[in-house]
Amino acid sequence: MKLQGKTAVVTGAASGIGKAIAELLASEGATVAIADLNEDAANTVAHAIRAKGGHAIGLAMDVADETAVERAIESVAERFGGIDILVSNAGIQIVNPVHEYSFADWKRMQAIHLDGAFLTTRAALKHMYRDKRGGTIIYMGSVHSHEASPLKCAYVTAKHGLLGLARVVAKEGGEHNVRSHVICPGFVRTPLVDKQIPEQARELGISEEEVIRRVMLGGTVDGVFTTVDDVAQTALFLCAYPSNALTGQSFVVSHGWYMQ
Ligand code: NAD
């Protein structure tokens, strides 16, 4: 049990990558708050963790809503005595070429990916600093934190932005024993990606099979999707890492797509 006694908040944990991270952290002894817009799904994930003997609660949270984030993080800290780990993972995707990208969609993307990362970080840091207990903050970046693709202006911009936030948190957090990391996965088959396959096929005028083979896996060394478990294992490694030697860095988990 690598995370016994630790309390973790994982946003967007009702589905996909966040769900896998929450389950793995719980299996290593952490008490996990499954924070998601979809409260019913969050409760289902928490229930399944508890059924296996782990500790988890479901939590309604819109990461882009300042009051909702403050309230939810406070409730976790109060109930479990503090917060040791934040995984800022909630995210959506909206694809369109720049010249057709609506301002409303652009703002929604930045609100969820960047406002959400900032608001949850600020709320969690209060507890990590106040109790002098230190902590780990992980941002779910993407290969698109380093690389660009057509149709994804808002996503690429937001994912690049997370690198900046993580570096500032690493510098400010050092004296408080708080570290930050960005995990940068390649394509992972989750609802977020499944939705994009027909959308990209339509926009690019190619078949869905070509979207998978060329657009999604063309840059990998072996044509294989990254899995939710690959990403969860990376998060666990970073949460359990014993010193501040690793902080402010990004970790690309992508079958070789984009080598740093
Ligand atoms: P997913 O659609 O399976 O899960 C995303 C979760 O976030 C959902 O449960 C959704 O309800 C929740 N969510 C959405 N908006 C929210 C909000 N405002 N507040 C709280 N929760 C909200 O997606 P996923 O593929 O697991 O993506 C998770 C993260 O990983 C995202 O940040 C995404 O950008 C990133 N990522 C995904 C891939 C991939 O290929 N799937 C690759 C790189 C990075």
Side-chain angles (χ1 to χ4, degrees), residues 9-24 33-46 58-69 71-73 86-95 105 107-120 123 138-149 152 154-163 165-166 182-197 199-200 211-212 215-217 219-220 224-232 234-235 250-255 257-258:
V9 176
V10 185
T11 70
S15 173
I17 291 171
K19 174 169 176 265
I21 292 174
E23 288 169 347
L24 188 61
I34 314 291
D36 205 285
L37 203 53
N38 186 339
E39 188 177 8
D40 288 345
N43 282 328
T44 303
V45 174
L59 204 58
M61 186 198 284
D62 176 354
V63 296
D65 178 336
E66 182 177 14
T67 310
V69 169
R71 197 179 299 138
I73 298 271
L86 167 67
V87 183
S88 169
N89 164 82
I92 62 166
Q93 179 61 281
I94 302 173
V95 292
D105 284 347
K107 284 195 282 196
R108 185 157 164 248
M109 288 290 286
Q110 307 312 327
I112 295 173
H113 289 273
L114 286 179
D115 297 359
F118 163 70
L119 291 171
T120 51
I138 295 176
Y139 300 100
M140 199 50 60
S142 163
V143 166
H144 286 111
S145 297
H146 297 279
E147 186 56 280
S149 292
K152 296 190 173 175
Y155 189 81
V156 169
T157 302
K159 292 301 189 188
H160 274 63
L162 290 176
L163 297 177
L165 177 61
V182 186
I183 299 179
C184 299
F187 280 97
V188 181
R189 284 304 286 265
T190 65
L192 179 139
V193 160
D194 286 339
K195 178 173 162 285
Q196 275 176 65
I197 295 171
E199 289 173 356
Q200 292 222 26
V211 170
I212 292 173
V215 178
M216 297 190 163
L217 301 179
T220 64
V224 174
F225 274 103
T226 300
T227 66
V228 293
D229 190 55
D230 295 326
V231 182
T234 308
S250 71
F251 299 84
V252 179
V253 184
S254 67
H255 286 257
W257 175 29
Y258 185 82

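As the structure lists them, so they are numbered: ligands from 1, and atoms in each ligand from 1.
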Original post:
Under the criterion side-chain contact (heavy atoms from CB on, under 4.5 Å), which of T234, V188, L217 is the partner of T226?
Top reply: V188
**OP:** Using the side-chain contact (heavy atoms from CB on, under 4.5 Å) rule, pick out the option among K195, H144, K152 that qualifies with Q93.
**Re:** K152
Ligand-side contact atoms (ligand 1) for residue partner [X], heavy atom cut-off under 4.0 Å:
X    : value
N89  : 28 (C), 29 (C), 30 (O), 31 (C), 32 (O)
M61  : 19 (N), 20 (C)
M140 : 29 (C), 30 (O), 35 (C)
A90  : 7 (O), 20 (C), 21 (N), 22 (C), 32 (O)
G16  : 3 (O), 26 (O)
F187 : 40 (O)
G186 : 40 (O), 42 (C), 43 (C)
G141 : 43 (C), 44 (C)

Report the part of [X] in contact with ligand 1, treating N, CA, C, O as backbone and CB onward as side chain, heavy atoms under 4.0 Å; options are side chain, backbone, both, neither.
X    : value
K159 : side chain
H113 : side chain
I112 : side chain

**OP:** Return the minimal non-hydrogen interatomic distance between P191 and S15, and the atom names on each side.
**Re:** CG-OG, 3.6 Å
How far is [atom] from the closest protein heavy atom, and which atom is that?
atom                    : result
atom 40 (O) of ligand 1 : V188 N, 2.7 Å
atom 34 (O) of ligand 1 : Y155 OH, 2.7 Å
atom 25 (O) of ligand 1 : T190 OG1, 2.4 Å
atom 37 (C) of ligand 1 : I17 CD1, 3.6 Å
atom 14 (C) of ligand 1 : I92 CG2, 3.8 Å
atom 23 (O) of ligand 1 : L192 CB, 3.3 Å
atom 18 (N) of ligand 1 : D62 OD1, 3.0 Å
atom 3 (O) of ligand 1  : S15 OG, 2.6 Å

**OP:** Look at atom 11 (O) of ligand 1 and find which of L37, D36, V193 reaches it with the closest heavy atom.
**Re:** D36
**OP:** Taking the side chain as every heavy atom from C-beta outward, state whether R189 and I212 have any pair of such atoms under 4.5 Å apart.
**Re:** yes
Quick one: pull up [atom1] in [X] and [atom2] in [Y] and give me the separation to the nearest 0.5 Å.
X    : Y    : atom1 : atom2 : value
H113 : L162 : NE2   : CG    : 8.5 Å
M109 : L114 : CE    : CG    : 9.5 Å
I17  : T227 : CD1   : OG1   : 9.5 Å
I34  : T44  : CD1   : OG1   : 10.5 Å
S149 : E147 : OG    : CD    : 6.5 Å
I112 : Y155 : CD1   : OH    : 12.0 Å

Original post:
Do any nitrogen or oxygen atoms of A35 lie less than 3.5 angstrom from nitrogen or oxygen atoms of ligand 1?
Top reply: no
Original post:
Does C184 reach ligand 1, in the sense of a heavy atom lying below 4.0 Å from it?
Top reply: no
Subject >> Heavy atoms from other residues, nucleotides or ligands near NZ of K19 exceed 12 (cutoff 6.0 Å) >> reply: no
Original post:
Run the side chain to side chain contact (heavy atoms under 4.5 Å, CB included) check on L119 and V63 step by step: do they pass?
Top reply: CA-CA 7 Å; L119 291 171; V63 296; over 6 Å; no
Original post:
Under 6.0 Å between ring centres, would you say that holds for H146 and W257?
Top reply: no
